[in-house]
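Okay, structure first, notes after.
A, B, ... follow the sequence lines: proteins, then strands. Residue 1 opens every chain.
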4 protein chains.
Amino acid sequence: MASSEQKQAGEQAGSKRRPGRPRCEHSRQATLRSTLKLLQKTGFADLTIEAIAADAGVGKATVYRWWPNKGALVVDAFASSAESQLHFPDCGSVYGDMSLQMNQFLRILHSRRGRIVSAVIAGGQSDAELIEAFRKRFLRPRRQEAYQTLRRGIERGELPQDLDLDLVLDILYGAIYMRFLIRHADLSERYINQVCRLVLDGASTIGRPLSKVKSQLRPTNGRKMQGALRN
Amino acid sequence: MASSEQKQAGEQAGSKRRPGRPRCEHSRQATLRSTLKLLQKTGFADLTIEAIAADAGVGKATVYRWWPNKGALVVDAFASSAESQLHFPDCGSVYGDMSLQMNQFLRILHSRRGRIVSAVIAGGQSDAELIEAFRKRFLRPRRQEAYQTLRRGIERGELPQDLDLDLVLDILYGAIYMRFLIRHADLSERYINQVCRLVLDGASTIGRPLSKVKSQLRPTNGRKMQGALRN
Amino acid sequence: MASSEQKQAGEQAGSKRRPGRPRCEHSRQATLRSTLKLLQKTGFADLTIEAIAADAGVGKATVYRWWPNKGALVVDAFASSAESQLHFPDCGSVYGDMSLQMNQFLRILHSRRGRIVSAVIAGGQSDAELIEAFRKRFLRPRRQEAYQTLRRGIERGELPQDLDLDLVLDILYGAIYMRFLIRHADLSERYINQVCRLVLDGASTIGRPLSKVKSQLRPTNGRKMQGALRN
Amino acid sequence: MASSEQKQAGEQAGSKRRPGRPRCEHSRQATLRSTLKLLQKTGFADLTIEAIAADAGVGKATVYRWWPNKGALVVDAFASSAESQLHFPDCGSVYGDMSLQMNQFLRILHSRRGRIVSAVIAGGQSDAELIEAFRKRFLRPRRQEAYQTLRRGIERGELPQDLDLDLVLDILYGAIYMRFLIRHADLSERYINQVCRLVLDGASTIGRPLSKVKSQLRPTNGRKMQGALRN
DNA sequence: ACTTAACCGAGACGGTACGTCGTGTCTTGCC
DNA sequence: GGCAAGACACGACGTACCGTCTCGGTTAAGT
């Protein structure tokens, strides 16, 4: 994926311009633009290079020259659309910060960009580079900021010190992704707030990684485990 | 999707056989079997109906006669294979039952059939009928059982009476789906147990739907109003 | 072709009715009727057994039970439509009789049955039985009568005694078939009259078979042949 | 039909190449060659584009890009193979020239290419474009030459000046086509010579169009009005 | 009246070819 | 040498008929 980046890096490394006409920036952007546009209409599986090239007024060979396959192109297009960074405020409570942040995410999912997110995740199920790009360009940056939010909560004493941050964030966001992808129930602001409250409340008491917890991991008998529910 | 079911249901409803030669059950099962077999090798996008028909020794038209598209076929195959695999035991505690069931699910996801789950969800992002079939044939039946598990917990007093069951289940399973689909962190037994503990613990205290909290329909019930319950 | 005939003959030969339900005459006629109907719309190549069966409200297997292939069915249908025998008058001159007879034929070709004639000839190009049936059921009966017409002309002295009748008839009717099949020029009554006159005039002088003619068949030199044109 | 010709003509007319890769002449000829080859084995109805493409080592889409249907392809193949085969010589007499040319045609019909002629005429009975292509690519060019042959005969005085050339040619060739297509009698060299003699003899005396006969435009010519000329 | 056997309609079956579409590669002439 | 245009070999698509095969039901002759 993102082959254009690599090739440009190659140019700079040689410190000498390649001969011939340099690549046409206009074509590149038209291609990315058309990719996003069509992706919102048709989904990843039905997206065709042919249609993108036609829509962009670009030769098919030009597309293949710069992107090795559909996934790489979609990744590039997706990354180039990461326009407005999300705002992670500090409003004094983990619940407030997280629910605000998650509601921003919700609005993205409900916007036209949401179709692209689902398309990228869908495509990523059969294209390792595509899902990797999704993680690197979309998930990770957001998560870095979410870490800060949770750490502030720990400092404030709202959350235990040895909290497994990824655990909490996967639970929180997993609840969103689930309804977003499977669409079996309403993905509303209210739902997000409920998720937030339940998970953060659970985290505030027992959210530490099990490795540091004294109790058994897997009780040999379900009956005996009953009492262990409260750790 | 799942057209064979519907047509057969139609027969039974009319209580009178349709005229003409009845469908060949042998072909149906050979088709489903080949679908599963090939899906484990190639992934959803590269799976072709042509290959399925050839592998099953079945005419292509026969496949199209009973399944409108690749997705419906895959869902049918998946559902028919996974139907009797996931049990919700009663071992005396919500945590025990849920973590056991979720670990069963985990094993499916990690088996070769896991590819099928991700394929169906991926395909469903651009095919409404496909994701609907996934919900109807796979998600919903299991969820019915999960409701029972949670209700037993309520009866035992482990969970509050007015708990929003779907909320809890979406949080629990969302955490699994997230790591399964985005693959950014290890989807281990340990992870599942942690999720289970955190979420059920959170649920045991504050997981009631807000609407019921505000209306206070049944004040005689032993519910404890949380001070933190706002928004 | 015409397998139904053969089977019925078989019944009679055994002088004992076969057990079981006898064949349904209604289905047979509906099939033939639909064959003619569709043949007028689509031509031989595009005619399908499936469409015939559907149009006739008859099972496909019933068609195959009684006719081994499309050609045989078309032959039967064509033969069953040989309703009105042509009228071969005796009006005192070969020209008068033949032109009248050919004009009757012209009207058939221009009617809806004309499409069937062309379809049968077309189909006959890749189905020996079909063209044989055309000869036997359509061409031969007409030719028998045409022989009479020409023989009357010979008796009257209008045509030479040793005239090759088939030669003359093939020239006369060939001119019609050519324009009918290739459709490069108008196939009109006037054209037929012209053909008739030219050919019969030619026949009246030199139409004897060459075997009885003294002159060389193939002159070794074209120059010398010039005078031989008049025999 | 014959689309390649037209498109190439279009190029030349615009005197400017179309953009994009030009068509591959090698593929075109391989396709035509395979068409002829297979047509001699299987007949028109059983000929498949799929087999042609496979035999020619050509993509099926490439065939469809240049020929709209099987018929057009067959006509193109036939025309391109028969173009330089039929010569109208000038050996000093109409009879000599015509019989020689008709015998050349006879040899074609009796060769393996004869199957192609009958296939095209057969296909043309349910495909107007196919028979039109046959006329344009095969019949018309040859007829132009035949006109010359007959006109030479007129100049030499062998045939009357106001002879209807198409009438004579349709009678001559119709006799061939009839036996060729209906196959009810031997289509031999002897037959052709007989036809030739009879028809040309008939033409030499009365083959003028009736319209011109009645108007009597040029009474100086040595035409003998026939008493039998009525209707 | 009952059995028997062949008929019938409907339509599913394994196939084959259809004509279309998208893939990724290639060849042009222009820039 | 990049670029658009578009032809190319390839392969899967979803459809239409082929000729065969079950089905349940019908129709008569022979018991």
Side-chain angles (χ1 to χ4, degrees), chain A residues 17-24 26-28 46-54 56-66 68-70, chain B residues 16-28 46-54 56-66 68-70, chain C residues 16-24 26-27 46-54 56-66 68-70, chain D residues 16-28 46-54 56-66 68-70:
Chain A
R17 251 188 114 288
R18 288 215 302 271
R21 179 175 172 180
R23 92 163 284 183
C24 173
H26 176 268
S27 292
R28 181 178 171 272
D46 299 335
L47 182 70
T48 67
I49 302 267
E50 196 129 337
I52 293 171
V58 145
K60 221 173 16 156
T62 301
V63 177
Y64 281 107
R65 181 157 23 234
W66 299 107
N69 53 54
K70 189 168 68 169
Chain B
K16 200 161 188 173
R17 263 189 90 285
R18 290 216 309 282
R21 176 175 174 175
R23 89 159 289 180
C24 172
E25 186 59 24
H26 176 268
S27 293
R28 180 179 171 270
D46 298 336
L47 182 71
T48 68
I49 301 257
E50 199 131 343
I52 293 170
V58 145
K60 217 173 13 159
T62 301
V63 178
Y64 283 107
R65 190 171 1 250
W66 299 106
N69 51 56
K70 191 170 64 169
Chain C
K16 196 164 187 176
R17 244 191 120 291
R18 290 214 302 273
R21 176 177 175 177
R23 95 163 281 187
C24 172
H26 176 268
S27 292
D46 298 336
L47 181 71
T48 68
I49 301 268
E50 196 126 340
I52 292 170
V58 145
K60 217 170 23 154
T62 302
V63 178
Y64 281 107
R65 191 174 354 252
W66 299 107
N69 53 53
K70 190 168 66 169
Chain D
K16 200 161 187 174
R17 264 187 93 282
R18 291 216 307 282
R21 176 175 173 176
R23 92 160 286 182
C24 173
E25 186 59 22
H26 175 268
S27 293
R28 180 178 172 271
D46 298 336
L47 181 71
T48 68
I49 300 258
E50 199 130 344
I52 292 171
V58 145
K60 217 173 16 158
T62 299
V63 177
Y64 283 107
R65 183 163 16 241
W66 300 106
N69 51 56
K70 192 169 63 169

>> For B:Ala61 and B:Pro19, find the nucleotide of DNA chain E closest to each by heavy atoms; which residue's nucleotide sits nearer the 5' end?
In response: B:Pro19
>> Assuming nearest nucleotide by heavy-atom distance, tell me which of A:Asn69 and D:Pro22 is located more 5' along DNA chain E.
In response: A:Asn69
> Within less than 4.0 Å of OP1 or OP2 of F:dG2, is there a side-chain N or O belonging to A:Ser27?
Replying inline: no
>> Measure CD1/B:Ile49 against C1'/F:dA12 and give the value in whole Å, please.
In response: 10 Å
> Quick one: B:Leu47 CG to F:dA12 C1', roughly how many Å, whole number?
Replying inline: 12 Å
> Checking only heavy atoms, does the side chain of D:Arg21 share a donor-acceptor pair with the base of E:dC26 at less than 3.5 Å?
Replying inline: yes
>> Rounding to an integer number of Å, can you tell me how far D:Glu25 CD sits from E:dT28 C1'?
In response: 16 Å
> When we call it a touch if two heavy atoms are under 4.0 Å apart, what does B:Ala53 touch: a base, just sugar-phosphate, or nothing?
Replying inline: nothing
> What's the CD1-C1' distance between D:Ile52 and E:dA17, to the nearest Å?
Replying inline: 12 Å
>> Can you see if the side chain of C:Thr62 gets near the phosphate of E:dC7 - specifically, an N or O under 4.0 Å from OP1 or OP2?
In response: no
> Roughly how far, to the nearest 0.5 Å, is the NZ atom of C:Lys70 from the CD1 atom of C:Ile52?
Replying inline: 8.0 Å
>> Between C1' on E:dC18 and NZ on B:Lys60, what's the gap in Å once rounded to a whole number?
In response: 10 Å
>> Assuming nearest nucleotide by heavy-atom distance, tell me which of B:Lys70 and D:Val58 is located more 5' along DNA chain F.
In response: D:Val58
>> If I take atom CZ in residue C:Arg65 and atom C1' in nucleotide F:dC18, what distance separates them, rounded to the nearest angstrom?
In response: 17 Å
> For the pair made of CD in A:Glu50 and C1' in E:dG22, what is the distance, rounded to whole Å?
Replying inline: 6 Å
>> In the structure I gave you, are the side-chain heavy atoms of C:Thr62 and C:Arg65 within less than 4.5 Å of one another anywhere?
In response: yes
> Should C:Trp66 be listed as having a side-chain N or O under 4.0 Å from OP1 or OP2 of E:dC8?
Replying inline: yes
> With no hydrogens and no angle check, is any side-chain donor or acceptor of D:Lys60 less than 3.5 Å from a backbone partner on D:Ala53?
Replying inline: no
>> Would you compute the distance between atom NE2 of B:His26 and atom CZ of B:Arg28 and round it to the nearest 0.5 angstrom?
In response: 13.0 Å
> For C:Thr48 and D:Gly20, take the nucleotide of DNA chain F holding the closest heavy atom to each; which residue's nucleotide lies nearer the 5' end?
Replying inline: D:Gly20
> Could you give the CG-to-P distance, from B:Asp46 to E:dT23, as a whole number of Å?
Replying inline: 13 Å
